[in-house]
Amino acid sequence: MSREAITLGFPFVSAPNQKPFPFRFEFPPDLLIISARAGEIVDALQEHNVIILAGETGSGKTTQIPKLCLTAGGGSQGRIACTQPRRVAALSVSKRVAEEMGVRWGREVGCKVRFSDQTTKDTVVKFMTDGMLLAEVQSDPQLSEYDTIIIDEAHERSLNIDFLLGHLRLLSLRRPELRIVITSATIDTAAFSKAFEDAPVIEVSGRTYPVEVVYALLDGLGSDEAEGNESTSKAEALHYVDGAVEAVHRILSTTAAGDILVFMPTERDIRETIDFLGSEARKCDLIPLFGRLSNSEQQRVFTATARRRIIVATNIAETSLTLPGIRYVVDTGLSRLSRYSPQARTRRLPIEPVAKSSADQRKGRAGRVAEGVCVRLYSEKDYEEGLRFTHPEIQRANLADVILRMKALGLGDIERFPFINMPAAKAIRSGYALLDELHAIEATGPEKELTNVGRELARLPVDPIVGCMILQARTEKAVREVVIIAAGLSVQDPRERPLDKQGAADAAHRRFTHPESDFLTLLEIRAALHDQFEQLSQGRMRRWCRDYFLGYSRMREWRDIHAQLLDTLRARRDFQPSSVWDGQADTATPEECSAKLRFGQAVYRSIHRCVLAGLLSNIAARDDEKGGYKAPHDRRGNIFPGSGLFVKEERKRSSPGAKAGANSNKPKGPRWMMAAEIVETSRLYA
DNA sequence: GAGCACTGC
């Protein structure tokens, strides 16, 4: 294989130790289109402090850009940081770049993510998650360790990315020599360029194949005659699940090969789609794909089989996972999106039409191996009139955490921070109100400043609501227990319910269920796990988790966050680990705590007083007249069926022993409760 | 009677 060396190596000097750093400066033109533009990009890097690099996935920008920065002289006055939105990407890309450069991974090219730092003082190219770079801002706002910062996948516009971009805008004024590279999908570059004083945009085309778009209106899908049918009423419109099933059948009946990817907004729709497809698509492999599947279930999409595959997925297939072999995409044009409602203090998960940028991304998934086809179950008009971009997360999120961390970082007030898109004034007020409720801020004159509590919360790597529980635990002397709960509330629920084994999973989980508190259920799970994690090998540990329908990686993450929180607290002398039940925390294992928890009212109360410190606005009272629960901010909801406190509603027919019309015998939930979270999905659930 | 996706010194 001949590889064209675009630029020849020169003796490379890294700032910290002044040691020469020889590596291969080769850009493989046969593999990556970006190589053809290498010279142009290097020139731009030398002429401008900030450049925007636009290119679709597959253009090779992620792996080639660090090398181009080195070629342009980056890495000589400090390290090169390259951020990724996800841990897996940071790890895999860093390994590949180390290999391409012919250096050892973990030395010259390293990777730093939470719980794993594979860098040394010799590291010149440092891959990391964007959250990790943000965390470094706290101890070093100037980011003086780096001479070049690459923000990759900036179009994803996560809170972390928008936060970093705002900070870099300010930092580039103070450190004019700092090189900044922002990479993004092609469609989304104007805002970035404008934010950085009209920084040049360089576009590199991706190595993708053309994808034909077919608009199949749901109400016209059943018949080929669309003309004269414009007035089809909405009531006759096909449900998008039926539409997708129909579209898949058409693809199957007119084509012989090529995998099919279907985008659905919810897990429930995915199950339905697979049910409906099952009867007629037996010759194919039907694969569901969504975030709550276990790792092994997710891995199915990467194992090739002889049969044609139909993958039915949520958004996860839009950004997080790249699927091989897709030729056909069926796009419902819908997705579930998280939106925080400041008035109701509630997170909502509505199903919404996707933005153009998202629809384009979905379409692109069909053109990675050959020409493809994308069937959109909506009209071209809907596509054209849709939002250009999904609202960035900063405009959809609860801002309490953002405001708190900005103040702690000394970045000033959120109202004056140079975000690319400003969050709404209403959302900002709501963020302040929540911080005020948590006693994290106080008004001193016209400005609102952090209190001691606020400063302590900012130091804890958890949401301020959860941090409040930990701070209260110091007073209650329940640090050990509450830190377990706090870490548990910071990860996704480790309990798994596989599609085909829901009964068995529920039965296994019942072993842990505390009848009066889901918070104590978390303690029970951790207690059962504790000894196992210390004693079992990883293989046996995985098996133990599988037996109890617990996700291994989520359990490990829970343990890691738990350990990180304890480390953070131990570093402070006034925060000794204490346990509710004997005050001799260091000898109390979670197992022992659990045994005590089953009996002591005092223990129960103590722990829940801590939890309550963060959840004042999530207290709810049973409403016997109208049913359900009433919560502050004019909310009315029900206990989520996954909760240990959930009580089945009684059917109309009363059981044999019950007196007719005697309401008092109806099973009821507790009179009062407090919810870790109140989320609106199909209904409002606590 | 059931909830998209990420991430943190």
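These numbers come from a predicted model, not from an experiment. Naming convention: chains lettered A, B, ... in sequence-line order (proteins, then strands); numbering from 1 in each chain. Both backbone and side-chain heavy atoms feed into the values below; hydrogens, waters and symmetry mates do not.
- With B/dG1, B/dT7, B/dG3 as the choices, the nucleotide that has an atom nearest any side-chain atom of A/Glu677 turns out to be B/dG3.
- Among the atoms of the strands shown, none is found under 4.0 Å from any heavy atom of A/Glu318.
- Across all strands, A/Thr266 comes closer than 4.0 Å only to sugar-phosphate atoms, never to a base (heavy-atom distances).
- The distance from atom CG of A/Leu334 to atom C1' of B/dA5 is 16 Å, rounded to the nearest whole Å.
- Ionic pairing of A/Arg175 and A/Asp140 is not present here: no N-O contact between side-chain nitrogen and carboxylate oxygen is shorter than 4.0 angstrom.
- Atom CD in A/Gln361 sits roughly 13 Å away from atom C1' in B/dA5 (whole-Å rounding).
- Ion pairing between a basic and an acidic side chain is recognised when a charged N comes within 4.0 Å of a carboxylate O; A/Glu297 and A/Arg292 show no such pairing.
- Both A/Pro641 and A/Leu289 lie close to DNA chain B; mapped to their nearest nucleotides by heavy-atom distance, the more 5′-ward contact belongs to A/Pro641.
- Note on A/Asp624 versus A/Arg622: salt bridge recorded, some NZ/NE/NH1/NH2 to OD/OE distance being below 4.0 Å.
- Distance from the side chain of A/Ala135 is smallest for B/dC9 among the nucleotides B/dC9, B/dG3, B/dA2.
- For the OP1/OP2 pair of B/dG3 and a distance below 4.0 Å, the side-chain nitrogens and oxygens of A/Ser682 include at least one atom meeting the criterion.
- Outside the 6.0 Å centre-distance limit, the rings of A/Tyr240 and A/Tyr378 are not counted as a close aromatic pair.
- Nearest to the side-chain atoms of A/Arg683 among the listed nucleotides B/dG3, B/dC6, B/dG1 stands B/dG1.
- Of all the residues in residues 337-358 of chain A, A/Ser338, A/Arg347, A/Leu349 reach under 4.0 Å from DNA chain B with at least one non-hydrogen atom.
- The stretch residues 86-94 of chain A touches DNA chain B through A/Arg86, A/Arg87, each having a heavy atom within less than 4.0 Å of the strand.
- Separating the CZ atom of A/Arg396 from the P atom of B/dC4 is a distance of 15 Å, rounded to the nearest angstrom.
- With A/Ser184 as the partner, the side-chain contact (heavy atoms from CB on, under 4.5 Å) test is satisfied by one option alone out of A/Glu153, A/Lys61, A/His155: A/His155.
- Close to B/dG8, at under 4.0 Å from its OP1 or OP2, lies no side-chain N or O of A/Gln564.
- Using a cut-off of 4.0 Å between Lys/Arg side-chain N and Asp/Glu carboxylate O, A/Lys126 and A/Glu145 are scored as salt-bridged.
- Among the nucleotides B/dG8, B/dG1, B/dA5, the one closest to any side-chain atom of A/Thr129 is B/dG8.
- Atom-to-atom distance recorded for A/Glu267:CD and A/Leu289:CG is 11.5 Å, nearest 0.5 angstrom.
- Side-chain contact, A/Asn398 with A/Arg347: no donor N or O sits under 3.5 Å from an acceptor N or O.
- In this entry the distance linking CD1 of A/Ile151 with P of B/dT7 reads 16 Å, nearest Å.
- Judged by distance alone, with hydrogens and angles left aside, A/Gln138 brings a side-chain donor or acceptor within reach of the base of B/dC9, the pair sitting under 3.5 Å.
- Taking for each of A/Pro265 and A/Lys112 the nucleotide of DNA chain B with the nearest heavy atom, the 5'-most of the two is the partner of A/Pro265.
- Remark: C1' of B/dA2 and CZ of A/Phe640 are 4 Å apart, rounded to the nearest angstrom.
- For the pair A/Asp162 and A/Arg157, the salt-bridge criterion is met [side-chain N within less than 4.0 Å of a carboxylate O].
- Using a cut-off of 4.0 Å between Lys/Arg side-chain N and Asp/Glu carboxylate O, A/Arg339 and A/Glu680 are scored as not salt-bridged.
- Distance CD (A/Glu267) to P (B/dG1): 18 Å, rounded to an integer number of Å.
- Not one side-chain nitrogen or oxygen of A/Thr314 sits closer than 4.0 Å to the OP1 or OP2 atom of B/dC4.
- A salt bridge does not link A/Lys363 to A/Asp331: none of the charged side-chain nitrogens sits closer than 4.0 Å to a carboxylate oxygen.
- Within 3.5 Å, a donor on the side chain of A/Arg497 pairs with an acceptor on the base of B/dA2, or the reverse.
- Set against B/dC4, B/dG8, B/dA2, the side chain of A/Arg268 has B/dA2 as its closest nucleotide.
- Among the nucleotides B/dC9, B/dG1, B/dT7, the one closest to any side-chain atom of A/Asn160 is B/dT7.
- Not one side-chain nitrogen or oxygen of A/Thr568 sits closer than 4.0 Å to the OP1 or OP2 atom of B/dC9.
- When rounded to the nearest whole Å, the span between CG of A/Asp518 and C1' of B/dG3 equals 15 Å.
- In this structure, A/Asp162 places its CG atom 17 Å from C1' of B/dG8, rounding to the nearest Å.
- Residue A/Ser158 is classed as having no contact, given no heavy-atom separation below 4.0 Å to the nucleic acid.
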